[in-house]
Amino acid sequence: GAGVSQTPSNKVTEKGKYVELRCDPISGHTALYWYRQSLGQGPEFLIYFQGTGAADDSGLPNDRFFAVRPEGSVSTLKIQRTERGDSAVYLCASSLEVGSTGELFFGEGSRLTVL
Amino acid sequence: GDSVTQMEGPVTLSEEAFLTINCTYTATGYPSLFWYVQYPGEGLQLLLKATKADDKGSNKGFEATYRKETTSFHLEKGSVQVSDSAVYFCALRGVGNKLVFGAGTILRVKS
């Protein structure tokens with residue numbers, strides 16, 4: 001497909017478990033973003049990659065959250081020792097343009113539920 | 001830091017009514033401004049954007065004008081349809097390249 005692809009679309013896990021969420025951006029897009037959206041709220045920025053490196057990880061809430069993009073394409077968001085408060089929809093977006101005028105293209109999200 | 005404030009919803013309108021959703025922002029420098037829309041069961045998609053002061057973004061009958069003097073980017077549509085029912089997010093993208101969103105406004109249009 002031509003859009004941003006996220007897997008899994010739904011993930012239910014137990015408190016304390018480890019979770020990985022995957023994002024496959026639009027081909028050729030060098031910028032990749034992770035956001036978290038809780039019910040009734042706007043998306044909250046987590047981390048932004050330009051190529052393989054994290055250009056801004058200021059939104060990661062604590063050291064249980066980590067993201068990688070080893071080859072500058074697919075990215076994985078990793079959450080250790082999950083807590084009930086981590087339950088949310090995790091959105092990935094990619095962008096072709098580096099500057100501030102460009103559009104971000106979003107995937108449909110991965111819904112994480114921590115029991 | 002950069003922030004966006006938009007009017008709380010839900011906004012409930014009858015078909016063919018006029019729509020305004022207010023959005024104001026705080027930012028360093030001169031950000032680009034966006035409206036994204038999330039239809040039921042779908043992902044976020046760009047509705048329109050404006051990249052400099054006095055620019056007007058428009059799409060699908062929706063319009064918004066970048067007002068630097070009032071730091072606003074209000075969304076308007078002259079005649080809404082049932083199919084416009086969705087959640088609308090105002091957002092800005094500044095020097096840090098990340099998109100900063102408002103809390104979203106639910107729009108419900110009744111036939």
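Naming convention: chains lettered A, B, ... in sequence-line order (proteins, then strands); numbering from 1 in each chain.
Interface with chain B: from residues 54-68 of chain A, residues A/Asp56, A/Ser58 qualify, criterion being any non-hydrogen pair under 4.5 Å.
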Side-chain donor-acceptor pairs of residues 106-115 of chain A under 3.5 Å, sequence neighbours excluded:
| residue | atom | partner | partner atom | Å |
| --- | --- | --- | --- | --- |
| A/Ser110 | OG | A/Pro8 | O | 2.6 |

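Within the model, atoms NZ of B/Lys49 and CG of A/Leu104 stand 10.5 Å from one another, a figure rounded to the nearest 0.5 Å. The structure places NZ of B/Lys98 at 10.5 Å from CG of A/Leu46, a figure rounded to the nearest 0.5 Å.
Residues B/Gln38 and A/Pro43 are not in side-chain contact: their nearest non-hydrogen atoms beyond the backbone lie 4.5 Å or more apart.
By the criterion of side-chain heavy atoms lying less than 4.5 angstrom apart, applied directly or through intervening Ile, Leu, Val, Met, Phe, Trp or Tyr residues, B/Leu92 is not grouped with A/Phe105; the two fall into different hydrophobic clusters. Note: the hydrophobic cluster containing A/Leu21 does not contain A/Val89 (ILVMFWY, side chain heavy atoms under 4.5 Å, direct or indirect links). One hydrophobic cluster, built from ILVMFWY side chains closer than 4.5 Å, holds both B/Tyr39 and B/Trp35. Hydrophobic clustering of Ile, Leu, Val, Met, Phe, Trp and Tyr side chains at less than 4.5 Å, counting indirect connections, unites B/Val80 with B/Leu48. In the hydrophobic clustering of this structure, A/Leu91 does not group with A/Ile47; members are Ile, Leu, Val, Met, Phe, Trp, Tyr whose side-chain heavy atoms approach within less than 4.5 Å, directly or through other members.
Around the CD atom of A/Glu71, the shell of radius 6.0 Å holds no more than 12 heavy atoms that belong to other residues, nucleotides or ligands.
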Item to check | side chain to side chain contact (heavy atoms under 4.5 Å, CB included) assessment of A/Tyr33 paired with B/Asn97 | outcome: CA-CA 10 Å; A/Tyr33 300 76; B/Asn97 278 321; 3.9 Å; yes
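For A/Glu44, no part lies under 4.5 angstrom from a heavy atom of chain B.
The side-chain hydrogen bond (donor to acceptor under 3.5 Å, both in side chains) search around B/Glu42 returns B/Gln45, not counting sequence neighbours.
Contact detail for A/Glu103 and B/Phe34: the closest heavy-atom pair is CA-CE2, 4.3 Å. For B/Phe89 against A/Gln41, the heavy-atom pair with the smallest separation is CE2-O, 4.0 Å. The two residues A/Tyr35 and B/Leu99 make their nearest non-hydrogen contact at OH-O, 2.6 Å.
Counting only residues at least two apart or on different chains, the disulfide (SG to SG under 2.5 Å) pairs with a member in residues 59-93 of chain A are A/Cys23-A/Cys92.
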